[in-house]
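Please read the structure below before turning to the comments.
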Amino acid sequence: PSSAASPAASPAASPAASPAASLSHDHSTQAFARSAYFHSRLVGARIRGCQKHTLPDLPYDYSALEPVISAEIMQLHHSKHHQTYINNLNVAEEKLAEAKAKSDISTVIALAPALKFNGGGHINHSIFWKNLSPDGGEPQGELLTAINRDFGSLDGLKSQLSAATVAIQGSGWGWLGYNKQKKILQIATCPNQDPLEATTGLIPLFGIDVWEHAYYLQYKNVRPDYVNAIWKVANWKDIITRFNAAQ
Amino acid sequence: MEGNSKMADLKDAYIAALEKKLAELSGIEVDQIKKNQLANAADEARAISEMAEYVASIQVEQAGVAQAGVVNPQIAAVYSHITAELGEERGAHVLPPMKYDYAALEPHISAMIMEIHHTKHHQGYITNLKACTEKLKQAEEANDVAAMNALLPAIKFNGGGHLNHTIFWTNMAPNAGGEPSGPIADAINKEFGSFQDFKAKFSAASVGVKGSGWGWLGYCPKNDTVAVATCQNQDPLQITHGLIPLLGLDVWEHAYYLQYKNLRADYVKAFFNVINWANVNERYDNARKSAGH
């Protein structure tokens, strides 16, 4: 599986830009040609699955999380890494739509890793940007009660999640998640871009990206410094919102 | 009556113990339907024999994991490959010195990357490997097989990291790169058609690693051929794919990010300017000899 984006051509979209113009001046023929052209575009769009994913805006400037996370990292992370997952997800979904239209089950299955990797990357980073904020407040209310109940204290949560996240071998994410069945908070880690909910069933509340691209330019190999610092920009308002929605 | 119900309890307990061990060994949860069948079966003998057939049909993937009281052979394998590469005995792991300056591979790989990669990342794997090895020794002295096997992921990760990076430094050199000559060139042409085809395949595989990992050119002792392969994280090539490592490319982000940022493909392309084909030939020659060719 290649990480380069190469948009697949959809057969229905191949008619030239304005076929209507190349036909006779007869009005009814033109009208027919125009409607046939637009119909073919619509059919093409339906086959492609025209809901393309787009990069969500960052809720703050690239420099807003300094000195915890540098502007350079935020800009590369958002406009390059996240964008690439989105581009590749769109390509994979287009290929998926074509394969489904042809009932090509083998291709559908072969696309699964690319969908998980790029779809997971899109999901995870979309959560991440909202999970961070220059003024995210503190945990309170029912979330704080749950934290004290499940981890002893906020410090207990921080030290456990930080330890688990630092210990990830290779690329991945550390998560504070919510277990809807047991109605408790839980810590989990996922490798690469495996999405938390699809992988474990836990509802994602707060994620820490520990792919090296998330911290290397600033923290180099010292992942623990990055993980310890990120708590200063945790957006507890967003985490509370997610916790409430998960109840 | 009481005797019958006690017998039923014992049977239930026995079956529960069997099912639990079965699930542990096979990683498969015993089918709830089968459980219900067993509970409801009028003909108990028939139900038991079906269960026995089901048990017999389960494929045990890794004998070392399935057998009780056996140390996973991968642990010894990691250390033996390190000894074969570096000559150092288990526990006596040190950072091998670079044969060239940190700046020697510029402009293809920056001095800053080389220095941090060697003195921080590689050293980190060695430090952690020594710590694991201490714990392994303690577990051995306590005859605690479970504790020993529990150390496998850390030993593979840190031992693999030490081994992989050791090979990597020798795979590169200043005033190197270009196209290979000698036996490895012949093997590459035979397997891939041409050097350019090999380069394209190796590059695509390395760029395509999802997350952290390595691209490899390895030697297959069984078929006397070379092959391109990738590994995740620090999984050692030989233990993972059975190939002897000849040429490795680290595609963890720490290997290129300071210089190439997200553009892994540019880094992979630049790598071909620093490949030490003399070293690859030497490894190929040794690998073939050790395989009896």
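Quick note on labels: first sequence line is chain A, next is B, and so on, each numbered from 1.
Rounding to the nearest 0.5 Å gives a distance of 5.5 Å between CG of A:N192 and CD of B:Q232. Once rounded to the nearest 0.5 Å, the distance linking CD of B:Q123 with CG of A:N221 reads 11.0 Å. Taking CD of A:Q75 as the reference point, atom NZ of B:K261 lies at 11.0 Å (rounded to 0.5 Å). Distance CZ/B:R264 to OG1/A:T84: 11.5 Å, rounded to 0.5 Å. Here the straight-line distance linking atom CG of A:L76 with atom CG of B:L263 works out to 9.0 Å at 0.5 Å rounding. Here the NZ-OH distance, from A:K220 to B:Y257, works out to 12.5 Å after rounding to the nearest 0.5 Å.
Of the two parts of B:Q234, neither the backbone nor the side chain holds a non-hydrogen atom closer than 4.5 Å to a non-hydrogen atom of chain A. Contact annotation for A:H213: both backbone and side-chain heavy atoms come within less than 4.5 Å of a heavy atom of chain B. Looking at A:E72, only its side chain comes within 4.5 Å of chain B, counting heavy atoms on both sides.
When every heavy atom of A:K80 is checked against every heavy atom of B:N262, the shortest pair comes out as CB-ND2, 3.5 Å. Of all the heavy atoms in B:S212 and A:S171, the pair that sits closest is OG-OG, 2.5 Å.
Summarising the local packing, NZ of B:K269 is surrounded by 12 or fewer heavy atoms from other residues, nucleotides or ligands at distances under 6.0 Å. Annotation for B:K199: atom NZ counts as buried by contact number, over 12 foreign heavy atoms lying within 6.0 Å.
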task = Just do the side chain to side chain contact (heavy atoms under 4.5 Å, CB included) check on A:E212 and B:H121 with the steps written out, would you?
result = CA-CA 12 Å; A:E212 286 171 328; B:H121 290 274; 3.7 Å; yes
